[in-house]
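Read through the structure below, which is laid out as structure tokens, and then see the notes.
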Amino acid sequence: MVTDHFLKSRKIGFLGAGNMGQSIIKGLLATGFPAHQLYATTRTEAKGVKIKKMYGINIFNNNEELIDDCDIIVLGVKPQDLYEVIEPLSKIFTSSHIVISLAAGIEIRTLQNWLVDVRDIVRVMPNTAIKINESVIGYCLGPQAGSIQSTIEALFEPMGCVVRAEEGEAFQALTVGCSSGIGFVFELMKYWQSWIEDHGFSEQEAQNMVVKTFLGASKLATSQSETSIDELQKKVVSKKGVTYSGLTAMRELEIEGLLRISFEKAALRDTQLGKVQPSN
Ligand SMILES: NC(=O)c1ccc[n+]([C@@H]2O[C@H](COP(=O)([O-])OP(=O)(O)OC[C@H]3O[C@@H](n4cnc5c(N)ncnc54)[C@H](OP(=O)(O)O)[C@@H]3O)[C@@H](O)[C@H]2O)c1
């Protein structure tokens with residue numbers, strides 16, 4: 001349900017509607033945002049036709065029309081394509097647009113240099129659970145942005161937990177931990193499943209068992225949010241028991257250190273994605 005007065009009459013245009021753009025479109029529609037206020041463009045015409053059929057939203061055949069017609073523009077193309085796509089369009093953007101960039105790595109000052117007339121630039125970092133309204137949605141505002149915080153929060157709150165973060169280290173940690181994080185959790189789930197399968201369960205049985213285990217842990221933590229994860233874990237562990245033995249091995253093998261290295265590598269890639277684009 002859209003509660004923000006400003007949003008009620010606004011047109012939102014998705015410049016690029018692939019995995020993430022469509023996830024947000026689905027999320028918005030599920031929260032009651034009217035389809036006739038949603039617009040999108042894609043690179044290939046066939047994709048646009050498919051999106052129109054699937055979601056009943058409007059499709060423009062070119063980005064110029066989308067920018068001209070919409071109040072809020074969501075930049076949903078890949079970070080490595082973003083400069084090439086928006087540079088020729090930069091003059092069409094005006095100071096009345098709100099621009100929401102989903103692009104990993106690309107900083108607000110870079111976007112500001114590309115879109116000189118736009119004041120309200122926001123970086124938003126959701127994860128794919130936005131499709132089911134269970135996302136962590138990070139955002140940061142540019143230094144020139146007006147009072148759009150409540151609009152951004154009203155737009156995304158129905159789709160999950162909205163977190164404002166300072167651009168830089170905090171926003172990057174949110175990107176790695178919560179957006180890429182979904183991919184990392186699936187990686188762990190694959191190891192779990194494979195081990196269970198190796199011990200006599202079918203692929204489907206093993207997948208269900210793993211999913212329920214992760215879901216159970218998440219729901220337990222959600223239901224007791226005042227209890228730390230450390231405390232919750234202690235309730236599973238009895239000295240010299242089965243879980244204790246497994247956890248001791250995990251700690252001796254320094255799994256935390258390995259994960260930290262992986263997170264740092266992902267953070268480095270986030271930084272690199274921002275650097276491949278001309279910033280002025
Ligand atoms: N996927 C995630 O989990 C995730 C999470 C957080 C943030 N993001 C960010 O979201 C953005 C999009 O990622 P994605 O995974 O959704 O990518 P994607 O699935 O490849 O979607 C990219 C979209 O951009 C369109 N496009 C490319 N060039 C275009 C142009 N010139 N004009 C109009 N549309 C154009 C593509 O059209 P066609 O379909 O016709 O090729 C496609 O619809 C990225 O910046 C990424 O960093 C993604």
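Model, not experiment: these values are computed from the prediction. We count ligands from 1, going down the list as the structure has it; atoms in each ligand are counted the same way.
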Specify the protein heavy atom at minimum distance from [atom]: its residue, its atom name, and the distance to 0.1 Å.
atom	value
atom 15 (O) of ligand 1	K78 NZ, 3.4 Å
atom 3 (O) of ligand 1	T128 CG2, 3.4 Å
atom 12 (C) of ligand 1	G76 O, 3.1 Å
atom 48 (C) of ligand 1	M20 CB, 3.8 Å
atom 25 (C) of ligand 1	G16 CA, 3.6 Å

Select the closest option to [atom] among [options], judged by heavy-atom distance.
atom	options	result
atom 7 (C) of ligand 1	L75, T42, L102, I24	L102
atom 27 (C) of ligand 1	I106, T41, V77	V77
atom 38 (P) of ligand 1	T44, I137, L15	T44

> Quick one: which ligand 1 atoms are inside 4.0 Å of a heavy atom on V85?
Replying inline: 31 (N)
>> Quick check on contacts: which atoms of ligand 1 are under 4.0 angstrom from a heavy atom of M125?
In response: 6 (C), 7 (C)
>> Please verify the inter-ring angle class for F184 with F263; under 30° counts as parallel, over 60° as perpendicular, anything in between as tilted.
In response: parallel
For ligand 1, is there an N or O atom under 3.5 Å from any N or O atom of [X]?
X	value
G18	yes
N19	yes
R43	yes
N63	yes

> Do any heavy atoms of N127 fall under 4.0 Å from ligand 1?
Replying inline: no
